[in-house]
Amino acid sequence: MVKQEKEFVNRPDNTAFTQQRLPAWQPMLSAGIIIPGFVLIGLAFIGIGVALFVTSQSIQVLEVDYTGVEQSSPCFKCSDPDVKNCVCKMEFNIDSLFKGPVFFYYGLSNYFQNYRGYGVSKDPNQLSGDLDSFKVPSDSCAPYEYVGKTPIVPCGSVANSMFNDSFKLYQIVSGAKIQVTLDGKGIAWWTDYNVKYRNPSVTPLKNAFNGTVKPTFWSKPAYELDPTDPANNGFINQDFLVWMRRAALPNFRKLYRRITEGDYAKGLPAGNYSLEIAYNYPVLSFDGRKKNEFLGIAYLVIGSMCVVMSIVMLIVYAKFKFPEEE
Amino acid sequence: MAMEIFESGLSWEVRANSRHYHKHKQKKSFLCFHWGRYADNVVHSYKYSPLTFLPLTLFEQFQRVANLYFLLMLVMQCIPAISSVPWYITIIPLVTVLSVRGLKDLVNDMARRRSDFEVNSRPCDILVSQSFDSAQWKDLCVGDVLRIHKDQVIPADLLLLCSSEPHSLCYVETADIDGETNLKYRQALSATHTQLTSQPSDETLAAFDGLLLCEEPNNSLYTFRGELHWQGECHPLDHAHVLLRGTVLRNTAFAYGVAIYTGADTKILRNSGKQRVKTTQVEKVFNRVVIGIVLSVLLVALLHAILSGVFSSQVMGNADISSTVVVNANPVYTGFLTFWSYIILLSPAMPIALYISFELIHTVHSQFIGWDMEMYWQPAGRPAQARNTSLNEELGQVGYLLSDKTGTLTQNRLVLRQCCIAGEIYGDASVRAEDVEPMDLSWNPFSCGGLHMSAPSLVEKLRGQQCPPSRQFLTALSLCHTVVTEWKEEALFYQSASPDEETLVGAARELGWVFLSRARDFISVSELGVTRQYQLLALLDFTSKRRRMSVLVREPEGGLKLYCKGADIVILERLHKDLQYQERTERALELFSQACLRTLCVAVRSVPEASWEQWRKTLAQSAAMATCDRDALLEKLYDQMERELQLLGVTAIEDRLQEGVPETIALLQQAGLKVWVLTGDKKETAVNIGYSCKLLDPDTRLLEWQELRQILQAPDPGVSFFKARQMELWAVDKKMAGAKTAVVLTGPELAEFDQRPEWGSTFMSLAEHCQSVLCCRVTPGQKADIVKLVRKHTSSVTMAIGDGANDVNMIKTAHVGVGMAGVEGGQAVQNADFALSQFRFLQRLLLIHGRWSYRRISLFLRYFLFKTCGFALVHIWFGFFNGFSALSMYETWFIALYTVLYSSFPVMCLGFFEKDVSAESSLSWPELYKSGQRQELSSPLILALSLLYAVYSSLVLFFIPFGVFYDTALDYQTMAFTVAMAATFTATIEIMLLTRNWTKINIAAVCVSVVLFFIGTGITHSTVLFKKAPADYIFIGVLAKAFVDPVVWLTALLTAWTAVLPSFTAHAVNITLTVHDKQKVHSISPQPVELKSTFRRGTSLRRSPNALF
């Protein structure tokens, strides 16, 4: 018995793994599966494409360019950076009902919010309510760190450049202006105003900002951003949060308000409207405005490509197959 | 005196018994300084000591461009101004790679250290002041006098002083040097013999104070020049006086010698070549690609740096708020920083994780080789072994197999299979030797088995006292030889300088004619139990020129007989005119050589007393003559005696091939390999083996040196080669004008290649058209030179296989070296990359393991290149839309985890388990192997295509999400997640397309990767981690938000699908087109390769493969 055991000394294990005989599935793909498969995938993509395209067509978009580059524009006078507290009005007309909820965006173009140096120019500790960072902001905020020797809160480039135009929308019904209620809540991410950004736990909030200055570009300090709602101030102000969530590309939009309450919750009826703009943000150059139909079209293109390719393959297949049968 | 030394070139001075003198001049080294003259006898092949391990291993590892590159990245990431990705993203993989590699090297080095220790501490007897002390090999010093016992391995190159045998003869076995197991004899100088053995004592040896002047240490095994100056006389020395390190003393009780060369100076070590680090072809190509990637990355970084400078200066010019985006004022400085940032950001394009995965896959493949049951050799309990674990894919690309003969192709066992006596053929060669039914030889007390010939009728005739020719035939076998006997434990053993003789004498013993002993003048033989004494009158010895040997004996009855045996051509022309059996014997010869048996003719002559007397006188006269004419005269004299012979019969010996050798060679040749044989053996033996292992066909034309030389010297060698070949073959067989030629070369002829380097390429282009090349009588150094020749002039991968120390050099030189784990020695295995127990295991090693490894590793590399580049190059395109600011397209954690967790498991499984056809099919269709030889899966073109594909997919990965996100309210983090998801999907779909063999593990790996992506992303996006380190986990909440956004999903899906579309289409087109091709292949060769057992008898071209010895 002992001898027998010895005979198999060093003998490798006879398992499926060591002998490389693991049971395996080797899909035997043939043209009969591949070509219909290709057609199916193509058709599915076309289907999605059509659905997306129809959806994007049904979305009603109205854009108002208030840059004021052209002299005829009512906002032309405001486009001069030296003019302060300028207010201009843009009148427009809606032909048919805009179904609600209606979203109100502002858009910027050629604005590189995704510039790396710009993006790092903030102090995450300060923004999560750390009072030590109020006194000594992180170096990453430079050059928007101090004014003289007083620290800037919130410091850094991103905060400093916050978009500060404000809008009021009126419907003009037989000469009278009826203000459309704009809802400034729920435009930022839940995690942003509950976890990511925190105000220091000091009441009143104003006291926390003692010994600091507001960013140079700002007209109001952080704790006074929303005079209507004290809870919507400081670092958890939703307009601030929307701005701080950086855009992916140089042309972008940001959600400004939603129209969810009051008479206009169901949508904007057809009629004349007036947009009153408090023009503060010194931006020039604006181009490109359109509905985003890209995804739908891309699906259609790729889907059709698949179908075309499967047809080509079918032809090639037939050419190769039939001579052999002869 | 000094002048003389320089003129003769004998500058190596050895003083016997003066240890002090030599110790003083021993070679020493410190760091890189060396001094001293004589090497010590210590072998050390290990590299590391505890102190030097860390610096050396780091030095070695940072010679890998990839490791150095990543170290640089790491340093740069620590600089905040340019750190686009945090430092911990790089250090984890780098440290893992370094430590795994270092550990592996350390383990290997420990093994070397152990084997060195074992060799260095072998015992030997050294003469130290009047008496022999037991010491170890490492203590030996030049000039020491040594005593070697029987069966001891000789520790250094020695000058033989004297031995226990008469005339101070001694026998050595040189298996470890030239692979031959037969004994060779060495003889001491008569001067030392007489002086030192008159009073054999330790004192006389201790008093020996000869001065040896020899040539400098060199690697020539068969030559030696030197002089011994002793007692005022000068004795010339040659290689017959020298015992070489590595040989074994046999049949000699003990021998004394002076160490001339020790350690690294010895001939065997001089022959062993340098240890090289072997890199595979695939790795070389891949390294070039990696360098290409690095250069492109540098170029792109430079471009982006310039553009970034331009951008920042432009933006600064803007009057409005958007100018505040760019913080730094100086465009040049910005560009400078951006350059380094981009280098860091694009560094994942050069995959460091690849090297660690690569090594892991290699290790597993090596394990698979060791685990293969069908490469396990049960009799020795030895599995195959991959000693070098980084050459696996090379096994799938071998173009040239250079094989040793003895012990590799053959078992080194000779067996008498047939004989023909008086026209009658006994034995049957068509039965395999093992299957021969053993005869009942119980009547013979001396029989000890081992006769693989069944001829009961012959035994009957012998025992029945019939048929005198057969009795005489056996008498001849038992008398005509140079075998010596030895009694060991009551049993009779034969030792011989020629394995053939040993076999024949052994066979005669089995049949009742037992050679008992040899004295100076007598040979005693027991003939069927009757002991008879033959007086030995003369021994006409064998030379390669004569190709025969004879003995002249006086029978106990008084008659004089000359027994002669030799090659058929030589014997047949010396026969008596009227022959009874000539026709039948010639037919038998033809039959034997058809069966690839070595034949010898045996003949007898009755010598009249008068002619003997006269011959003896002449012989005595000529023996006394001066040296130069003597040989010619003796030969003439011998020739006079070996005349008018009477043919007794023919013996047919089989040089036993290892199991399955012909089949293996046939299969490998079908797989497109060129099989060459390099052997230290004689030409005839090698050619004979060439025929019997089907390396040469019976009608193969042998191209020998004379002709080859003419071809090589011809102005247009190619043309003249074809001409020569066709002219001759035309007459024989039109169809055979193909590749039916084989080149036969010998060592000295090969030496001419050294002087004519331009012949190399011509020879190789010629050899490419030949069936095979046989090189005989080559030294280990020459074996390596042949390998170098092949390596230099072809791009093929070479593989050398051998079993002895003589093959070590060749094994080291070849791309892949295989050692046969034989019964003894093991030197070859020590130095080999792979160790096998049987030649036939090469089939599996190459056609199955090699092919699979090559396929797996090629696919692995291509895929890895695709997935890392496709993923990293996105940053280039993103750069155009973020002001060339080196903003990462991904979350930094994704960059770190993508290569390690999200995309590595499926590709590892591909590397482990992928197979396109089963093991059985790989052997059935050896042609499939050719794709590896042609580098079809790993050519630079293929890799370049993979790169192009990666660039395409990176474009898709960026621009489809770009189109979707452009001018929308979706933010940067959402886009980063979308692109990351698309990249993961792309990598997963691509591996699914590549995998053909889906085991459960593959399926699990694919699923796990995707799940891990979501889990991993979920974790890094979680609130918990954010609260711990707000600065490191800024992507908080992105997954939750993006998960419910159909736009993100639809974008990722479309992007991934578009990215793999080319690959998918290529697969589909491939399937549509090649289904028929495969069916064709299958229908062409419906059955596995089968060796035809009947092979056509060749024409007169076939040479008789007979040889004595």
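In what follows, every chain begins at residue 1, and chains take the letters A, B, ... in the order their sequences are listed. Here the structure is a predicted model, which is why all the values come from computation and not from measurement.
The choice from Met305(A), Lys254(A), Lys196(A) that makes the most heavy-atom pairs within less than 4.5 Å of chain B is Lys196(A).
Residue Ala247(A) touches chain B through its backbone alone, counting heavy-atom pairs closer than 4.5 Å. Interface remark: Met975(B) contributes side-chain atoms only to the contact with chain A (heavy atom separation under 4.5 Å). Proximity to chain B is limited to the side chain of Tyr105(A), based on heavy atoms less than 4.5 angstrom apart. Contact annotation for Ile1001(B): only side-chain heavy atoms (C-beta onward) come within less than 4.5 Å of a heavy atom of chain A. When heavy atoms are compared at a cutoff of 4.5 Å, Pro23(A) approaches chain B solely by way of its backbone atoms N, CA, C and O. With a threshold of 4.5 angstrom between heavy atoms, Ile297(A) does not approach chain B through any atom at all. Only the side chain of Phe1026(B) comes within contact range of chain A, with heavy atoms under 4.5 Å apart. For Ile1036(B), the parts lying near chain A are the backbone and the side chain together; criterion is any non-hydrogen pair under 4.5 Å. Using a 4.5 Å cut-off between heavy atoms, Tyr1033(B) does not touch chain A at all. At a 4.5 Å heavy-atom cutoff, the contact between Ser341(B) and chain A is made by side-chain atoms alone. Within the 4.5 angstrom heavy-atom criterion, only side-chain atoms of Gln19(A), from C-beta onward, approach chain B. Only the side chain of Lys1027(B) has a heavy atom closer than 4.5 Å to any heavy atom of chain A. Heavy atoms of Asn194(A) lying under 4.5 Å from chain B are absent altogether. Interface remark: Leu127(A) contributes no atoms to any contact with chain B (heavy atom separation under 4.5 Å). For chain A, no part of Ser918(B) is nearby; none of its heavy atoms comes within less than 4.5 Å. Proximity to chain A (any heavy atom under 4.5 Å) is restricted, for His849(B), to the side chain, taken from C-beta onward. Of the two parts of Val364(B), neither the backbone nor the side chain holds a non-hydrogen atom closer than 4.5 Å to a non-hydrogen atom of chain A. Only the side chain of Met309(A) comes within less than 4.5 Å of a heavy atom in chain B; its backbone stays farther off. Neither the backbone nor the side chain of Phe103(A) comes within less than 4.5 Å of any heavy atom of chain B.
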Show your working on side chain to side chain donor-acceptor pair (under 3.5 Å) between Tyr118(A) and Ser161(A) and close with a plain yes or no. CA-CA 10 Å; Tyr118(A) 172 82; Ser161(A) 59; 2.6 Å; yes
Arg851(B) and Val917(B): CA distance, side-chain angles, deciding distance, side-chain contact (heavy atoms from CB on, under 4.5 Å) verdict: CA-CA 10 Å; Arg851(B) 212 179 77 80; Val917(B) 293; 3.0 Å; yes
Donor-acceptor list for residues 1049-1061 of chain B side chains, cut-off 3.5 Å, not counting sequence neighbours:
residue	atom	partner	partner atom	Å
Trp1049(B)	NE1	Phe1043(B)	O	2.8
Thr1051(B)	OG1	Val1047(B)	O	2.5
Thr1055(B)	OG1	Thr1051(B)	O	2.5
Thr1058(B)	OG1	Leu1054(B)	O	2.6

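Aromatic ring orientation, His304(B) versus Phe884(B): perpendicular (interplanar angle above 60°, classes split at 30° and 60°). Using cut-offs of 30° and 60° on the angle between ring planes, the pair Trp877(B) and Phe880(B) is parallel. Note on ring orientation: taking the six-membered ring where Trp is involved, the planes of Phe878(B) and Phe958(B) are tilted (angle from 30° to 60°).
Remark: Lys1041(B) qualifies as a cation-pi partner of Trp189(A) under the 6.0 Å distance and 45° angle criteria applied to the six-membered ring.
In this structure the side chain of Phe104(A) never reaches within 4.5 angstrom of the side chain of Leu255(A), judged on heavy atoms.
Ser157(A) and Asn160(A) share no donor-acceptor pair across their side chains, judged by distance under 3.5 Å alone.
Using a 4.0 Å cut-off between a side-chain N of Lys or Arg and a carboxylate O of Asp or Glu, Asp971(B) and Arg245(A) qualify as a salt bridge. Taking the charged nitrogens against the carboxylate oxygens, Arg844(B) and Glu374(B) do have a contact shorter than 4.0 Å, which makes a salt bridge.
Every pair tested for salt bridge (charged side-chain N to carboxylate O under 4.0 Å, His left out) that includes a residue from residues 15-43 of chain A fails, sequence neighbours excluded, so the list is empty.
Residues forming a side chain to side chain donor-acceptor pair (under 3.5 Å) with Gln26(A) (at least two apart in sequence, or on another chain): Asn997(B).
Residues of residues 39-49 of chain A lying within less than 4.5 angstrom of chain B, judged on heavy atoms, are Ile41(A), Phe45(A), Ile48(A) in numerical order.
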